[in-house]
Protein chains: 2
Amino acid sequence: MKLPVSTEWVLHCATSLAQLEPGATASAAQLARYYDLPQAYLAKQLQPLVKAGVLAATTGPRGGFRLARQAAEITMLDVVEAVDGASSPYECREIRQQGRGALPPEECRTPCLIAAKMADAHAAWRGSLGGVSLADLLGELPSWVPRRTRQRLTGTG
Amino acid sequence: MKLPVSTEWVLHCATSLAQLEPGATASAAQLARYYDLPQAYLAKQLQPLVKAGVLAATTGPRGGFRLARQAAEITMLDVVEAVDGASSPYECREIRQQGRGALPPEECRTPCLIAAKMADAHAAWRGSLGGVSLADLLGELPSWVPRRTRQRLTGTG
DNA sequence: GGGCGGCTACTCGGATATATTCTGTCCGAGTGATAATGG
DNA sequence: CCATTATCACTCGGACAGAATATATCCGAGTAGCCGCCC
């Protein structure tokens, strides 16, 4: 079970975008320079966030990405599931119904117990990430961070 | 984030082994037949469980795998982490220290906030799985299951 | 009949190919600002 | 000086290769039981 590296990228990018003034944008190139990431691949990974309605993208000069809604309304889970998919890492393939030990269908009306427990664990994980919004993250940062982020992210110097 | 298919296999195999009489063993071939799985690959996936001390393997005729300790002392987390590794799915690569936005080292004494939240979520996941032992799983099964499992798993007919 | 030795068949364990997914790169369509131009 | 218009640089978006991991397979080393043989 391994999350793609891009998960870290988009989480940091979303946090940075949350520090911009309302309406301001940052391009994929700017974000890539800010974190020293491959620009094209980063842009590719930001696309699913746009499709998921987490980010909004505007083209043309002075265009780029911005949050699609307020930082308090975007959770880490939204970001992670947008880029990595919302499906559970454990996929029950009903092997209890295969082979010599195959259970009769009438015994499989209830979900596989193991799958249920794995789903519980996944729900706990989702609950933990769903309880943290981007605004919560910013709240734990020193107060001088956003100004610095804006300057280094969108500034030219 | 996707768990290997073999995770399902070893969880079910461990649960089945927990239903055997104490000291009894089941070979990889028997388990593979029981669930209709590729025998060689299943054996390969059971190996890390032996290394982790969850299962014990005995060679030779009438050999095979058995639980290394009591079912109540083996959690689903033990099984999952044995086969999939215990490392967190999110790996912080400290991109906050790279690129134009690189934070000075003295600001990075505290762990990356995003990584901390991801670690919290992973801890919640581990806590959920760690709270369920194989004995707990057996406790939720109908009482006639273990006898049937023993018969179909180790029987010849 | 009992003990011993060799043999055999069965087990796990590790080394070796193939498929799928993640990572990285490129180029094209679209858009908004910009600057020249004419009134 | 202002409105208009054509240009152009910059943006995202999707199509195309390379690398890492998961999946599947095979063969070899080791061992426990078993059978025959000897005492």
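Computed from a prediction, not measured in an experiment: that's the story for all the values here. Protein chains get the first letters and strands the later ones, always in sequence-line order, with residue 1 at the start of each.
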For this session: State plainly whether the residues B/Arg69 and B/Asp78 are in salt-bridge range, i.e. N to O under 4.0 Å.
Result: yes

Exercise. Rounded to whole angstrom units, what separation is found between the CD1 atom of B/Ile95 and the P atom of C/dT23?
Worked result: 13 Å

Problem set entry | Donor-acceptor under 3.5 Å (A/Ser133 side chain, A/Asp136 main chain) | yes

Exercise. Should A/Arg66 and A/Glu21 count as an ion pair when the cut-off is N to O under 4.0 Å?
Worked result: no

For this session: Answer yes or no: is there an ion pair linking B/Glu107 with B/Arg109, defined by an N-O contact shorter than 4.0 Å?
Result: no

Problem set entry | Between C/dT34 (P) and A/Arg62 (CZ): distance, integer Å | 8 Å

Exercise. So, is B/Gln47 close to the C/dC12 phosphate, meaning a side-chain N or O under 4.0 Å from OP1 or OP2?
Worked result: no

For this session: Start with the C-alpha gap between B/Glu8 and A/Arg96, add the side-chain angles, then the distance that decides, and say whether salt bridge (charged side-chain N to carboxylate O under 4.0 Å, His left out) holds.
Result: CA-CA 10 Å; B/Glu8 181 180 6; A/Arg96 62 177 173 172; over 6 Å; no

Exercise. Is A/Ala29 touching bases, backbone alone, or none of the nucleic acid, heavy atoms closer than 4.0 Å?
Worked result: nothing

Exercise. With distance as the sole test, does B/Arg126 use its side chain to make a donor-acceptor pair with the main-chain N or O of A/Ala121 at under 3.5 Å?
Worked result: no

Problem set entry | Atom-to-atom span, CD of A/Glu8 to C1' of C/dT23 - whole angstrom | 15 Å

For this session: Measure the distance from CG on B/Leu31 to C1' on C/dT11 and round it to the nearest whole Å.
Result: 13 Å

For this session: Would you mind building the protein contact string for nucleotides 16-31 of chain D? One character per nucleotide, 5' to 3', B for base within reach (heavy atoms under 4.0 Å), S for sugar-phosphate only, - for untouched.
Result: -----S-BBBB---BB

